[in-house]
Each structure stands twice: as structure tokens, then as C-alpha cells.
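One structure is given below, encoded as C-alpha cells.
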Amino acid sequence: MSELLIRGRVLTFVNEPQGIDDTASYRYFEDGAVFVRGGKVVEAGDYADVSKRAGAEVEIADHRPNLILPGLIDTHLHFPQTQAIASYGAQLLEWLNTYIFVEEQKFSRPAHAAAVADRFMDELLSNGTTTAVAYCSVHPESVEAYFSAAEARGMRMIGGKVMMDRNAPDALRDTPQHGYDETKRLIEKWHGRGRAHYAISPRFAITSTPEQLEMSQALVAEHPECYVQTHLSENRDEIAFATSLYPAAKDYTDIYARYCLLNDRMLLGHCIYLSDREISVLAESGAVGVFCPTSNLFLGSGLFDRDRFDKLGARWSVATDVGGGTSFSMLETMDEAYKVLHLQGQRLTPFASFYRMTLGNARALGLDNHIGSLHAGADADIVVLDSSGKSAMEYRMQTATSLAEELFILQTMGDDRCVAEVYVAGKPMKGKAAKRAAAASRPLENA
């Protein structure tokens, strides 16, 4: 059974920080180590103590003076939009019709889906993300490619086939029965296979008829172990359109509530323009609102109100939302999250940011026994961050005098250049991901 001792400055959270001085919320070891055996964390702590348990013969990966943290977690993005990121000049509905629905039609071709899935997984790893929740396209081929690429890398990933039966091009529409049958088959094949988790994925109320939401309800009832994901309250025009299609609903949230889709495994992307009533419904059901700052800014959608979620007791997570989101980097995403909240007079401390990217998002997924921290028995999904990964950061770091300052510099200035290494189930992946990306020789369009 393979063993490895990963040495550096170790940081892992045990609870949500209640302020910048809440040292009880995390564990930090200036000269620390993580002992890994068989893809699991055996122990994390001071190097002197952990190395004794590991023994003199263990292989050592010495990353000093870099920071060692749990792998980063992204709770909402779209793998078929990998090549459509940075598509100019439109808000949500126009953007979907002009760029995204055109791009997603390519995923009926298995070779194209496989090529993009490989690149998608490697982009995640290059940015320090070891687990993500993604939408595939309407095509089962895209789901096969997604989970196959994750399995080849040993990644814990969540995803599912989008279901759409109206208000989309014919080539992207299924039927309620067809969407049910394909989803059922994909769940049976992939959910629980290795580290794969399935997400039942009606795209949003605009693209699903009542009959399709009824089929989604049946799938959720039959497979309570699966996740559910959709979009909610991203854009004012979207809200008006969705509620016009379901006139009996009290509001947008009530559309999903009427089909019993709201539960503690439901991930609702965006949640910008929710009333107090709607947030309270999320709190009661345990559903998670997903804050997507770079996407919300890029598409001109609006600002997520974290404080109202906290006040009303609703759960929330944070995500890149590629390709409406403008970066695969959770560091860059938290930089924009800080600004979105700052505009509303809300504070986001650096400790809160790193908690949210790790243990916080793991808790939102109900996976904190496996990922999000470096506790004994956790999956050895680990990221190594270099706070001097860019020249401007190296210069700024010369004046940093605390861990809080360093984390804020990483959050504000960091990107993939600050990711020194990534481990998936104890195996180093950063160099492999970069080599695969560099070796990609054919244009994806022709795949």
C-alpha cells in the first residue's frame, strides 16, 4: 500500500470562522505534514510528530515553504461550456441562445465530448480543484465522457445529463420520458461507481415542461441518494419568463417546491433575487443556494446577498459557473466574491474564503466525511499553494506578517500559477495535467 509524507505549512478547517481572529476554527502547523496511505489521510499535524508515525522509510514530498490545504471544491459549473468561456456581450437568455446552445450541440459527438472532458478535468486540476459539480449536455455521450475522464484521474466528481424539453433548439431537446429513461440508465451505471456521484439535472424551469418536472420528481423520489441541480433566480428576465410559464406558482422557488425537488441534496445556482419567503423555503428544505460571483458579474445578473441567507438560516456554497463564470480558479472566484459582498457592506474574511472553498463546500455537498479537510480517514485530495507564484505576489509577500495577510494575497492576486501541486487520492496530478494539455494536438472542433 503506497505511503507518502507531504511536508509544508499545513492549514485545515474544523469549523466555519466567525471572524478574522477565530483561531479555533482551523488548525495550522508552521512545519507540518500530511501522512497519506492508500489514498487516505492517516494523520496531519506537526512534522516532528507525524514523521515519527510515518517511519524513516516513507517517501517525503517536501513543499516547504508552501501551504498545504485540502483540495478545492467547486459546486456549480458546465463542462460543455469549457470552450465557450469569455463569449462577448450578452445577458443570460441572449447569451444562452447565441453561444451556449450552439456550443452544446457539438456534444452529440462522442469524440468531441471526450476531448473536452479531458481538457475540463485538467483545467480543474491545474487550478487546484479536486471535486466539482457540473452539468453535462442533454446528450448521454457527454455524461459518459465526463465520468470516464474523472474516473481515469481518480477524481471525486458530481454531474448529470441536462434535461430540456422546450425553449431550446431541437437538437438539444429530449422528451419527459426520454429524459427520465436516459437519466435512470446513467444513474444505474455511474452513481456510486468509484468516486462518481450523479446529479439529476433539469436545467431550469424555462426549459422544462410540467411533465418533465414531474419526471424529475419521480427520479428524485426513486433515487434519494443522488444530488439534484438546477438554476434559480439568476436574471430578472429569466424570473419573469419562468413564472409566466408556471402561473399557479407563488414565485420562482415555488415552481421547484411544487414538484418536491427541494431537499438537502439540491443545489440551486445563483439565487440572486429571492424574497425572504423563498430563502426561508430553502432553509426549511435544506437546499443550497450557490453563489457564482464571476458569472453574476460577467452576465450583468446581480449581486448575491449572503447576509440574508445567513440571517434566515439558509445554506449556501460558492462556485465558478464556467462558462458564464470567467475562470476555473476558485482563488479568482473568491476574489470576486469578496468584491460582490463588499459592494453590499458585507465582509468576507480570508479565513472565511478558504473555509468556503474547502470544508464549507464539502459540507454543502454532505461530503465532509470524505473531502474538504485533512482529518484522519479523509480522501487525500490536497492542494499545495505558492503565495509567491507571481512576481507581483512575491514582492507583496515581502511585507506580509500574518497567515491572514497571506491568505488574502492568495485570494486577491492568485490564480493557477500559485498552484504548485495537486494530489488526487494521494497521487500528484499537477504536472500530469499540464503535460496532457500541452500534448493536445487536434482542434476540439474537429474531434
Side-chain angles (χ1 to χ4, degrees), residues 16-17 20 74-78 81 85-96 133 204-206 229-243 251-253 256 266-283 287-357 360-361 364 408 411-413:
E16 181 171 7
I20 200 164
D74 187 344
T75 57
H76 177 111
L77 67 171
H78 297 258
Q81 297 176 20
I85 195 170
S87 294
Y88 170 75
Q91 289 202 342
L92 175 64
L93 299 181
E94 180 189 349
W95 175 80
L96 283 171
V133 186
F204 64 155
I206 288 174
Q229 61 179 351
T230 192
H231 297 78
L232 174 64
S233 192
E234 180 177 0
N235 169 286
R236 293 188 187 279
D237 290 342
E238 169 218 8
I239 296 167
F241 192 5
T243 52
D251 45 42
Y252 198 166
T253 301
Y256 300 130
M266 166 61 101
L267 302 165
L268 294 154
H270 307 293
C271 296
I272 296 173
Y273 298 104
L274 299 183
S275 66
D276 284 356
R277 190 206 81 81
E278 291 177 279
I279 296 175
S280 296
V281 168
L282 300 192
V288 177
V290 185
F291 178 16
C292 304
T294 71
S295 169
N296 297 159
L297 293 173
F298 179 71
L299 294 175
S301 298
L303 308 179
F304 180 84
D305 189 344
R306 180 207 59 193
D307 281 5
R308 275 205 307 140
F309 266 70
D310 287 348
K311 179 182 177 182
L312 294 170
R315 303 164 70 211
W316 62 278
S317 64
V318 68
T320 63
D321 192 28
V322 167
T326 51
S327 174
F328 280 88
S329 171
M330 288 298 294
L331 297 174
E332 291 187 304
T333 297
M334 295 313 299
D335 178 36
E336 298 305 305
Y338 173 87
K339 297 169 189 175
V340 165
L341 298 179
H342 208 40
L343 280 169
Q344 301 171 87
Q346 301 176 22
R347 288 291 183 93
L348 182 65
T349 72
F351 289 109
S353 290
F354 278 82
Y355 163 80
R356 193 59 57 176
M357 288 185 277
N361 274 358
F408 193 63
Q411 171 190 323
T412 306
M413 303 177 72

**OP:** For Asp335, check side chain to side chain contact (heavy atoms under 4.5 Å, CB included) against everything at least two apart and list the hits.
**Re:** Lys339, Thr412
Original post:
Hey, does Lys311 have a side-chain heavy atom less than 4.5 Å from the side chain of Asp276?
Top reply: no
**OP:** Please name the pair of heavy atoms, one in Ala90 and one in Trp95, separated by the smallest distance, quoted to 0.1 Å.
**Re:** CB-N, 3.7 Å
**OP:** Only counting residues at least two apart or in another chain, list the ones meeting side chain to side chain donor-acceptor pair (under 3.5 Å) with Ser275.
**Re:** Glu278
Original post:
Donor-acceptor pair, Tyr338 side chain versus Pro350 backbone, under 3.5 Å?
Top reply: no
Subject >> Met266 side chain near Thr230 side chain, heavy-atom distance below 4.5 Å >> reply: yes
**OP:** Could you pull out the closest heavy-atom pair between Ala314 and Leu282, with the gap in Å?
**Re:** CB-CB, 4.5 Å
**OP:** Test side chain to side chain contact (heavy atoms under 4.5 Å, CB included) on Met330 and Asn361 and set out the steps.
**Re:** CA-CA 11 Å; Met330 288 298 294; Asn361 274 358; 4.1 Å; yes
**OP:** Kindly assign one of parallel, tilted or perpendicular to the pair His76 and His231, based on the angle between their ring planes and the thresholds 30° and 60°.
**Re:** perpendicular
Original post:
Does some side-chain heavy atom of Leu274 sit less than 4.5 Å from a side-chain heavy atom of Tyr252?
Top reply: no
Original post:
So, for Gly325 and Ser295, which heavy atoms are closest and what is the spacing to 0.1 Å?
Top reply: N-CB, 3.4 Å
**OP:** Dump the intermediate steps for side chain to side chain contact (heavy atoms under 4.5 Å, CB included) on Phe309 and Cys271, then the final yes or no.
**Re:** CA-CA 10 Å; Phe309 266 70; Cys271 296; 3.8 Å; yes
Original post:
Are any non-hydrogen side-chain atoms of Gln344 and Asp307 less than 4.5 angstrom apart?
Top reply: no
Subject >> Atom of Val318, atom of Arg356 and distance for their closest heavy-atom approach >> reply: CG1-CG, 3.5 Å
Original post:
At what distance, to the nearest 0.5 angstrom, does CZ of Phe204 lie from OH of Tyr256?
Top reply: 7.5 Å
Original post:
For Phe291, which residues count as a ring pair (Phe, Tyr, Trp, His ring centres under 6.0 Å) partner, sequence neighbours excluded?
Top reply: Phe304
**OP:** Nearest 0.5 Å please: distance from the CG atom of Leu299 over to the CD atom of Glu238.
**Re:** 11.0 Å
Subject >> From OG1 (Thr294) to CZ (Phe328), nearest 0.5 Å >> reply: 11.0 Å
**OP:** Give, for atom CG of Leu331 and atom CE of Met357, the distance between the pair rounded to the nearest 0.5 Å.
**Re:** 5.5 Å
Subject >> Spacing of Ile272 atom CD1 and Arg236 atom CZ [to the nearest 0.5 Å] >> reply: 9.5 Å
Subject >> Over 12 foreign heavy atoms within 6.0 Å of CZ, Arg277 >> reply: yes
**OP:** Considering non-hydrogen atoms only, spot the tightest contact between Val322 and Ser327 and give its length.
**Re:** CG2-O, 3.5 Å
Original post:
So, do Asn296 and His270 sit near enough that their side-chain heavy atoms are less than 4.5 Å apart?
Top reply: yes
Original post:
Between CD1 of Ile239 and CG of Leu92, what distance do you get to the nearest 0.5 Å?
Top reply: 10.0 Å
Original post:
Of the non-hydrogen atoms in Gln411 and Thr349, which two are nearest, and what is the gap between them?
Top reply: OE1-O, 4.4 Å
Subject >> Close side-chain approach of Gln229 and Thr75, heavy atoms under 4.5 Å >> reply: no
**OP:** Indicate yes or no: at least one non-hydrogen side-chain atom of Leu93 is less than 4.5 angstrom from one of Ile206.
**Re:** yes
Original post:
Yes or no on side chain to side chain contact (heavy atoms under 4.5 Å, CB included) for Val340 and Gln346, after CA distance, side-chain angles and deciding distance?
Top reply: CA-CA 9 Å; Val340 165; Gln346 301 176 22; over 6 Å; no
**OP:** Report yes if the side chains of Leu267 and Val133 come closer than 4.5 Å at any heavy-atom pair, otherwise no.
**Re:** yes
**OP:** Could you walk me through whether Asp321 and Gln81 pass the side chain to side chain donor-acceptor pair (under 3.5 Å) test, one step at a time?
**Re:** CA-CA 10 Å; Asp321 192 28; Gln81 297 176 20; over 6 Å; no
